[in-house]
Number of protein chains: 2
Amino acid sequence: MEEPPVPAEAGTPIPRGIGARRRVLRAALQVLDEHGLAGFTMEAVARSAGASKATLYRHWPTSGALLIDAMDATFQPFPVPDTGHVATDVAELLAAFADLLERTPFPRLLAAFIDAAERDPALRTLHADLTRRRREPLLVALARGRDRGQLSVRLDLDLTVDLLAAPFFYRRFVAHRPITPDLINDVIAEVLRPPGSGGGAAAPVGGTAPRHQSVS
Amino acid sequence: MEEPPVPAEAGTPIPRGIGARRRVLRAALQVLDEHGLAGFTMEAVARSAGASKATLYRHWPTSGALLIDAMDATFQPFPVPDTGHVATDVAELLAAFADLLERTPFPRLLAAFIDAAERDPALRTLHADLTRRRREPLLVALARGRDRGQLSVRLDLDLTVDLLAAPFFYRRFVAHRPITPDLINDVIAEVLRPPGSGGGAAAPVGGTAPRHQSVS
DNA sequence: TCTTATCGGTACGCTACCGTTTCGATGGAG
DNA sequence: CTCCATCGAAACGGTAGCGTACCGATAAGA
């Protein structure tokens with residue numbers, strides 16, 4: 001995905017092309033943000049980048065390949081807080097995530113990407129990979145909490161990450177309701193199960209009563 | 001949104017147009033499913049419907065208006081089970097929902113719709129409304145459970161619906177991992193808090209410890 | 001300084017979709 | 001049966017994107 005600023009040493013010269021490349025990638029994200037997947041066009045990106053279509057085709061064979069590189073470049077990992085309290089760490093990560101969803105162009109990019117990933121296997125793979133990387137900080141924070149004894153060793157960490165992160169996506173992309181600060185507290189309260197009181201089931205539930213166990 | 005099958009009685013005849021209209025709506029969904037939002041074109045829909053473009057423009061001024069009507073027509077409410085056990089009812093609803101996500105064209109339609117809703121306020125409104133209607137059965141099942149005393153009266157039902165439904169969307173559209181039957185059990189176990197044992201926090205969590213309360 | 005790969009700009013023919021119009025066919029209502 | 005609103009088909013000029021090819025300009029490496 002990267003090219004060294006200076007040719008490694010081999011016969012291939014390839015020295016100069018990265019400036020334009022970066023400008024095109026930035027422009028690609030801007031076009032995707034403003035006009036969605038339907039407006040994501042080689043012409044539109046070239047226009048927005050002040051570049052020539054020929055330049056785009058020199059670097060990327062198709063608009064899909066360009067989209068993949070552009071989305072790949074968006075990833076920025078969250079730093080993992082380490083306060084000693086798992087709930088605090090998780091709250092901080094979720095707050096940063098909520099901010100990403102409410103106050104940056106990220107969600108509009110993701111919405112376009114979700115649609116694209118439905119029909120292009122390569123994009124689908126990249127999307128799954130980016131998601132995995134984005135989950136990492138939360139997973140680390142939970143693992144630390146478990147090692148500290150703040151979480152049950154039987155807790156399925158991957159499932160917990162799902163349960164923690166999912167409501168934010170749901171609110172933003174499906175329900176289209178605002179993500180309130182309360183949501184962070186409520187989600188943590190429900191999923192991490194604080195010790196004391198709190199709402200919840202008060203009587204046994206029957207029928208296909210959940211066996212609590214999970215593999216993946 | 002509806003036209004009476006037979007003219008109510010007024011001067012307007014409007015008898016014959018609904019056959020073609022339905023065919024076009026079906027075709028619109030098929031095109032959206034197969035080619036995504038980028039391929040959603042008046043020409044493509046007309047072709048797929050075996051209809052004339054003129055016919056489409058007689059009924060819908062723009063492709064966006066057609067998309068709205070088509071998506072609106074997709075809604076089919078789940079029947080609300082009523083077994084007397086809230087966990088069983090919820091499990092049944094979630095199983096039906098998982099099936100909808102894994103074995104029907106619905107999710108691809110929704111993915112296209114999510115992207116479209118980011119940029120068109122009318123689609124956004126419709127999307128929010130469809131989601132609200134889709135939540136209704138789960139909400140009813142939870143309310144019955146609460147009235148039966150199986151859930152705390154302090155439980156925020158809307159939040160609970162969020163927490164129950166969100167992981168399925170997340171798995172399908174974001175993480176791109178399969179929705180296993182275990183997920184249903186795990187989600188219910190976490191969110192509805194079965195009485196007995198089960199994984200979860202084992203020690204107090206400090207810091208910005210969650211105040212468990214929510215308004216909406 | 002000289003070379004050379006990459007650059008932006010422009011133009012090409014091609015295809016697809018737009019939104020409208022005109023036409024003859026058709027089928028339901030009176 | 002007759003009427004007539006609606007239908008499908010076809011064609012229109014216009015716009016936009018595709019992917020390719022060529023150009024002179026330019027900036028980095030030798």
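Each chain gets a letter, A, B and so on, in the order the sequences are listed, and its residues count up from 1.
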With each end axis built from five pairs of C1' atoms, what bend angle do you get for the helix from C/dT1-D/dA30 to C/dG30-D/dC1? Round to 10°. 20°
Using the closest heavy atom to pick a nucleotide of DNA chain D for each, name whichever of A/A54 or A/A44 lands nearer the 5' end. A/A44
Please figure out whether A/Y57 or B/A49 has its closest DNA chain D nucleotide nearer the 5' end.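 Going by which nucleotide is closer to the 5' end, it is B/A49.
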Can the positive tip of A/R133 be found less than 6.0 Å from the middle of the six-membered ring of A/F75, inside 45° of the ring normal? yes
Atom OG of B/S48 and atom CG of B/L32: how far apart are they, to the nearest 0.5 Å?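 It comes to 11.5 Å.
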Taking only side-chain N and O atoms of A/R23, does any of them lie within less than 4.0 angstrom of OP1 or OP2 on C/dC7?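 Checking A/R23 against C/dC7: no side-chain N or O falls below 4.0 Å of OP1 or OP2.
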How do A/T55 and B/G39 order along DNA chain C: which one's closest nucleotide is nearer the 5' end?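 On the 5' side of the pair lies A/T55.
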Residue B/H59, side-chain heavy atoms: nucleotide from D/dC18, D/dC7, C/dC18 that is nearest: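 Closest nucleotide to the B/H59 side chain: D/dC7.
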Kindly point out which of C/dC17, D/dA9, C/dG8 is positioned nearest to the side chain of A/S52?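 Given the options C/dC17, D/dA9, C/dG8, the side chain of A/S52 is closest to C/dG8.
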Considering only NZ, NE, NH1 and NH2 on the basic side and carboxylate oxygens on the acidic side, decide whether A/E102 and A/R171 come within less than 4.0 Å.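 Not counted as a salt bridge, because no side-chain N and carboxylate O are separated by less than 4.0 Å.
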Considering only NZ, NE, NH1 and NH2 on the basic side and carboxylate oxygens on the acidic side, decide whether A/D82 and A/R148 come within less than 4.0 Å. yes
Please state how far atom [atom1] in [X] lies from atom [atom2] in [N], giving the value in whole angstrom units.
X     : N      : atom1 : atom2 : answer
B/R58 : C/dT21 : CZ    : C1'   : 11 Å
B/E43 : C/dA16 : CD    : P     : 10 Å
A/R47 : D/dA16 : CZ    : C1'   : 8 Å
B/L56 : D/dC7  : CG    : P     : 10 Å
A/W60 : C/dT6  : CH2   : P     : 14 Å
B/R22 : D/dC7  : CZ    : C1'   : 17 Å

Any non-hydrogen side-chain atom of A/R144 less than 4.5 Å from a side-chain atom of A/V86? no
Give the ring-plane orientation class for B/F169 versus A/Y170, where under 30° counts as parallel, over 60° as perpendicular and anything between as tilted. tilted
Heavy-atom donor-acceptor pair, B/K53 side-chain to C/dG19 base, under 3.5 Å: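 Indeed, a donor on one side and an acceptor on the other fall under 3.5 Å apart.
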Quick one, B/D158 with B/R135, criterion salt bridge (Lys or Arg N to Asp or Glu O under 4.0 Å). Give me CA distance, side-chain angles, the key distance, then yes/no. CA-CA 9 Å; B/D158 262 310; B/R135 293 161 57 93; 3.0 Å; yes
